[in-house]
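Order of appearance sets the numbers: ligands from 1, and atoms from 1 within every ligand. Numbering of residues begins at 1 and proceeds along the displayed sequence. What you are looking at is a predicted structure, and each value in this text was computed from that prediction instead of being measured.
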Amino acid sequence: MLENRKILIGVTGSIAAYKAAILIRLLVKEQASVKVIMTPLAKEFITPLTLAALSKNPVLVDFYNPENGEWNNHVDLGMWADAYIIAPATANTIAKMANGIADNLLLTAYLSARCPVFVVPAMDMDMLSHPATQRNIERLKQYGSIILEPETGELASGLIGKGRMEEPDRIVDALGQHFNLKKKILSRLKDKKILVTAGPTREPIDAVRFVSNYSSGKMGYAIAEKLAYYGAKITLVSGPSDEKPASAGIKLKKVKTAAEMHRECIKVFGLMDGAILVAAVADYRPRHPSNEKIKRSKEKLIIELAENPDIAASLGAMKKKHQFLAGFALETQHGTENAMKKLIKKNFDFIVLNSLQDRGAGFESDTNKITILDKHNRIIEFPLKSKQEVAEDIVQYLQTII
Ligand code: PMT
């Protein structure tokens with residue numbers, strides 16, 4: 001599974017740095033291409049010569065070679081790697097990563113890496129359990145890094161506790177499982193045509209005002225990006241949002257109102273393999289929007305609302321056997337019950353529940369906490385994660401049902 005995989009290893013200044021040598025040897029044995037970056041302090045624990053000999057590549061420490069001025073381009077390294085493993089990762093490096101500090105090559109490569117990043121902490125148990133370290137680890141998870149939890153055992157300090165770096169063979173296993181799963185998802189999603197809706201809709205009151213909601217589009221765009229990453233061809237119908245698609249595999253159609261979103265979705269759904277409806281569509285619109293700006297007056301202003309089309313229900317009615325349809329449920333109370341009702345009413349195959357009762361979930365934030373409920377009455381709960389990670393969880397679930 002690791003044959004020809006390009007693995008970048010980052011080694012930091014820890015007594016566990018010797019395990020990096022074993023890790024590199026195992027990866028090379030698996031026929032992966034390995035490059036190594038060390039922090040300056042890591043050289044005090046193990047020599048670059050050892051790691052260069054094992055990886056069969058020069059080890060990089062500085063931004064440039066002082067002998068000839070040759071630049072070690074961290075962006076190229078970040079782009080080269082299929083996975084970046086920081087092992088061992090000290091509390092200091094984890095703190096810098098969590099805060100975007102870029103004062104050595106290992107950290108700049110982390111900031112420019114587009115590949116999955118595995119962080120393998122190694123430190124004393126008190127350092128690990130300190131709230132600052134725990135907060136930094138949580139933040140890295142939210143950025144999408146995969147943390148390989150330290151083991152419990154005898155530590156360099158002589159104390160017994162949690163903090164020992166994960167064993168190299170287990171790191172190799174985790175990496176293999178990761179690539180296996182990616183391969184499976186790729187094979188299921190490649191070239192699938194998927195409609196994604198995102199963002200809010202705006203329903204005009206007059207020439208300058210509208211009814212809308214707090215949706216930023218972050219969740220929907222993250223799902224579109226994730227699906228495109230796995231090779232799906234995405235039509236993204238989006239209400240007003242500052243988000244911008246980065247992948248070439250995403251065709252963006254911008255709309256403003258629910259009626260426009262409805263029209264675009266109906267037009268393309270027949271050509272799709274499925275749809276994920278993330279948009280926060282306004283259920284009502286002002287019945288008689290004014291073309292002019294409504295002037296302030298002493299009179300009471302009453303705006304009559306008319307019901308908007310239910311896009312999900314329309315697509316649910318159109319859905320063919322080979323297509324899947326998924327939606328979101330944004331709830332403030334009785335989440336599971338309401339989500340289940342929507343799943344049935346809109347003919348969804350699964351629904352993603354997010355509740356405004358959960359801190360960090362729902363509108364605008366970079367994080368979300370979801371529960372997936374499906375038509376087979378399965379209920380899968382996830383912890384609070386970054387919206388990118390949530391998108392990965394949804395895509396991993398999706399590949400099991402298509
Ligand atoms: O955009 P962000 O700031 O990142 O926030 C993300 C989010 C909170 C908007 C997102 O995670 C979310 O919950 N989206 C659905 C919000 C919503 O409108 O939920 P709902 O329970 O009212 O609707 C249920 C489903 O029907 C949704 O899939 C919705 O897209 C769809 N719907 C609703 C009304 C309507 N007229 N047409 C629809 O298609």
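Among all non-hydrogen protein atoms, the one lying nearest atom 21 (O) of ligand 1 is K342 NZ, 2.5 Å. Counting protein heavy atoms only, atom 34 (C) of ligand 1 is closest to D283 OD1, 3.2 Å. Protein heavy atom in closest approach to atom 28 (O) of ligand 1: L277 O, 2.8 Å. For atom 14 (N) of ligand 1, the nearest protein heavy atom (residue, atom name, distance) is V278 O, 2.8 Å. In terms of protein heavy atoms, atom 26 (O) of ligand 1 is closest to K346 NZ, 3.1 Å. The nearest protein atom to atom 6 (C) of ligand 1, hydrogens excluded, is given as M219 CB, 3.6 Å; this is a heavy-atom distance.
For S386 and Y143, the side-chain atoms include no donor-acceptor pair closer than 3.5 Å.
For the pair S365 and ligand 1, the shortest N or O to N or O distance does not fall below 3.5 Å. Checked by distance only, ligand 1 and S216 come closer than 3.5 Å through their nitrogen or oxygen atoms. For a threshold of 3.5 Å applied to N or O pairs, the pair formed by G199 and ligand 1 contains no separation below that value. For a threshold of 3.5 Å applied to N or O pairs, the pair formed by L330 and ligand 1 contains at least one separation below that value. Distances between N or O atoms of I311 and those of ligand 1 include at least one value under 3.5 Å. Residue contacts with ligand 1: F328 is placed with a nitrogen or oxygen under 3.5 Å of a nitrogen or oxygen of the ligand (distance criterion only). Not one N or O of G327 is nearer than 3.5 Å to an N or O of ligand 1, by distance alone.
Note on E167 versus R170: no salt bridge recorded, every NZ/NE/NH1/NH2 to OD/OE distance being 4.0 Å or above. Looking at D206 and K293, no side-chain N of the basic residue comes within less than 4.0 Å of a carboxylate O on the acidic one, giving no salt bridge. Salt bridge annotation for K162-E149: present, with a cationic side-chain nitrogen under 4.0 angstrom from a carboxylate oxygen. Using a cut-off of 4.0 Å between Lys/Arg side-chain N and Asp/Glu carboxylate O, E264 and K267 are scored as salt-bridged. We find that D366 and K387 are not joined by a salt bridge, their nearest charged nitrogen and carboxylate oxygen being 4.0 Å or further apart.
Between the CZ atom in R25 and the OG1 atom in T50 there is a gap of 13.0 Å [rounded to 0.5 Å]. Rounding to the nearest 0.5 Å places NZ of K96 at 12.5 Å from CG of N136.
Ligand 1 places these atoms under 4.0 Å from at least one heavy atom of K387: 2 (P), 3 (O), 4 (O), 5 (O). Less than 4.0 angstrom separates some heavy atom of A329 from each of these atoms of ligand 1: 21 (O). For ligand 1, the atoms closer than 4.0 angstrom to any heavy atom of A279 are 15 (C), 16 (C), 18 (O), 29 (C), 30 (O).
Remark: E381 CD is loosely packed, at most 12 non-hydrogen atoms of other residues, nucleotides or ligands lying under 6.0 Å away. The number of heavy atoms from other shown groups lying within 6.0 Å of CD (E364) is above 12.
Judged by the shortest distance from any of its heavy atoms, G217 lies inside the 4.0 Å radius around the atoms of ligand 1. Using a non-hydrogen distance threshold of 4.0 Å, A258 does not register as a contact of ligand 1. In this structure, N308 has no heavy atom closer than 4.0 Å to ligand 1.
Screening T257, N308, T201 for a side chain to side chain donor-acceptor pair (under 3.5 Å) with R285, the sole residue that qualifies is N308. No option in K192, Q396, Q399, K182 other than K182 meets the side chain to side chain donor-acceptor pair (under 3.5 Å) test with Y230.
A perpendicular orientation is assigned to the rings of Y397 and F350, their planes being inclined by more than 60° (bins at 30° and 60°).
The residue H262 has no part lying near ligand 1, judged by heavy-atom distances below 4.0 Å. Proximity of N354 to ligand 1, defined as any heavy-atom pair under 4.0 Å, is confined to the side chain (atoms from C-beta onward). Contacts of P309 with ligand 1, taken as heavy-atom pairs under 4.0 Å, involve the backbone alone. With a heavy-atom cut-off of 4.0 Å, E364 touches ligand 1 through its backbone alone.
Taking all atoms of both residues into account, the shortest heavy-atom contact from L23 to V172 is CD1-CG2, 3.9 Å.
Considering A198, A312, P200, A280 only, the shortest heavy-atom separation from atom 16 (C) of ligand 1 involves A280.
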